[in-house]
Chemist: 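My structure is below; once you've seen it, I'll send some questions.
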Protein chains: 2
Amino acid sequence: MFSKACEYGIRATTFIALQSLRNRRVSLKEISQEVGSPMAFTAKILHQLAKNDILESTKGPSGGFQISMERIHTIKLADLVLAIDGNSIYEGCGLGLRKCNASKPCPVHFKFSVIRKELKTMLQGTSLFELAQDLETGVTHLKR
Amino acid sequence: MFSKACEYGIRATTFIALQSLRNRRVSLKEISQEVGSPMAFTAKILHQLAKNDILESTKGPSGGFQISMERIHTIKLADLVLAIDGNSIYEGCGLGLRKCNASKPCPVHFKFSVIRKELKTMLQGTSLFELAQDLETGVTHLKR
DNA sequence: CTATATTAGGATAAATTTGTCCTAAATGAT
DNA sequence: ATCATTTAGGACAAATTTATCCTAATATAG
């Protein structure tokens with residue numbers, strides 16, 4: 001469904017959000033360890049998320065990544081996915097047709113539209129705060 | 001969502017189903033032309049579908065691919081997807097965790113379960129016949 | 001101010017997916 | 001029976017995604 005990069009990105013960002021709620025900035029090293037993702041690859045992803053105003057990054061000793069309290073509430077899963085995987089998951093035709101729309105649909109167009117709309121709604125309705133809180137309470141986990 | 005191979009596979013199979021309804025066996029060449037897919041690559045996919053008892057193939061002059069009337073009704077989209085992409089779309093964790101389940105879920109586990117269940121239901125409920133008929137009536141299209 | 005820790009970012013490698021090419025095997029047409 | 005046509009299938013090439021490595025830039029601690 002999502003690319004590996006996106007999976008890592010969501011896991012990492014959820015971890016960062018949790019630590020930001022505790023007022024802790026976290027380093028790439030800690031993130032990739034806690035999330036079980038390859039460090040250098042994770043660096044690229046976090047860099048991209050920072051460019052997209054999803055994370056704040058700070059260089060130097062005691063540097064790392066963090067998210068402001070306000071952003072933890074306003075950032076939705078949909079924003080992460082968009083920043084990493086682009087909008088293909090929302091836009092693209094289920095059968096890969098370049099021009100597929102309601103007036104010239106592929107055979108699965110309408111059935112897919114339903115599913116995709118629900119996916120979109122779910123992603124747009126899920127905030128980082130929600131994800132981080134489930135982690136905090138120990139309900140959910142991030143490590144493979 | 002699906003691999004390119006799966007997209008081509010679904011498009012090709014839908015076309016074969018339509019022609020089989022008209023009692024026509026179709027060659028790889030015609031299929032890849034009508035569906036807009038690379039011929040040699042499509043050959044591999046059709047071969048795999050044949051091995052999985054989704055298509056019947058015949059060599060030699062006037063050979064090609066076809067599907068029995070009965071199978072056109074019993075084969076569901078879910079069977080195609082399973083044969084080509086495996087069960088990762090049904091089974092795998094949305095965030096790529098190896099062991100993610102209801103008792104030790106990832107942060108998006110339950111929200112994804114809902115979507116995936118609906119996707120599964122849709123795929124299992126959509127027959128080749130249905131897809132082919134929408135093509136027949138000109139409601140839907142297959143070419144990029 | 002200096003040394004050190006940390007992110008930024010380019011180059012490159014490995015793995016996977018997608019796509020091509022060619023020969024073998026089979027089968028129907030003649 | 002022979003030949004042309006078509007699928008089967010292996011080898012390989014290209015493209016994309018995933019992953020690693022190294023140096024530069026930068027900020028903080030001391």
Chemist: Check the pair B:Lys104 / B:Lys99 against side-chain contact (heavy atoms from CB on, under 4.5 Å), numbers first and verdict last.
Modeler: CA-CA 8 Å; B:Lys104 196 176 178 183; B:Lys99 21 191 170 180; over 6 Å; no
Chemist: Who are the ring pair (Phe, Tyr, Trp, His ring centres under 6.0 Å) partners of B:Phe41, not counting sequence neighbours?
Modeler: B:Tyr8
Chemist: Does anything in residues 48-72 of chain B pair up under salt bridge (charged side-chain N to carboxylate O under 4.0 Å, His left out), and if so which pairs, sequence neighbours excluded?
Modeler: none
Chemist: On the nucleotide C:dA5, are OP1 or OP2 found under 4.0 Å from the side-chain N or O atoms that A:Ser62 carries?
Modeler: no
Chemist: In whole angstroms, how far is the C1' atom of D:dA8 from the CG atom of B:Leu55?
Modeler: 14 Å
Chemist: Between C:dG19 and B:Tyr8, is there an OP1 or OP2 to side-chain N/O distance shorter than 4.0 Å?
Modeler: yes
Chemist: Only counting residues at least two apart or in another chain, list the ones meeting side chain to side chain contact (heavy atoms under 4.5 Å, CB included) with B:Arg22.
Modeler: B:Leu18, B:Gln19, B:Glu136
Chemist: Between D:dT26 atom P and A:Phe65 atom CZ, what is the distance in whole Å?
Modeler: 16 Å
Chemist: CD of A:Glu56 versus P of D:dA27: gap in Å, rounded?
Modeler: 14 Å
Chemist: Rounded to whole Å, please give me the gap between CE in B:Met39 and P in C:dG19.
Modeler: 15 Å
Chemist: Base contacts versus sugar-phosphate-only contacts with protein, heavy atoms under 4.0 Å: please encode nucleotides 21-26 of chain C as B, S and - from 5' to 3'.
Modeler: B----S
Chemist: Atom CZ of A:Phe2 to atom P of D:dT17: distance rounded to whole Å?
Modeler: 16 Å
Chemist: Please give, in whole Å, the distance from C:dT7 C1' to A:Leu49 CG?
Modeler: 14 Å
Chemist: How about B:Thr42 and B:Ser37: does a side-chain donor come under 3.5 Å of a side-chain acceptor?
Modeler: yes
Chemist: OP1 or OP2 of C:dT6 versus the side-chain N and O atoms of A:Thr58: is any pair under 4.0 Å?
Modeler: no
Chemist: Tell me the interatomic distance from A:Phe41, atom CZ, to C:dT7, atom P, rounded to whole angstroms.
Modeler: 17 Å
Chemist: The criterion is side chain to side chain donor-acceptor pair (under 3.5 Å); which residues satisfy it with A:Ser20, sequence neighbours excluded?
Modeler: none
Chemist: Sequence neighbours left out, what passes side chain to side chain donor-acceptor pair (under 3.5 Å) with A:Glu30? Give chain and number order.
Modeler: A:Arg24
Chemist: With a cut-off of less than 4.0 Å, is there a side-chain N or O of A:Ser57 near OP1 or OP2 of C:dA8?
Modeler: yes
Chemist: Can you name the residues that form a side chain to side chain donor-acceptor pair (under 3.5 Å) with A:Asn101, not counting sequence neighbours?
Modeler: A:Ser103
Chemist: Taking only residues two or more places apart in sequence, or in another chain, which ones meet A:Thr126 in a side chain to side chain donor-acceptor pair (under 3.5 Å)?
Modeler: B:Lys111
Chemist: Report the distance from atom CD of A:Gln33 to atom C1' of C:dT6, rounded to the nearest whole Å.
Modeler: 14 Å
Chemist: Could you list by number each residue of residues 21-31 of chain B showing a heavy-atom separation from DNA chain D of less than 4.0 Å, or answer none if no residue does?
Modeler: B:Ser27, B:Leu28
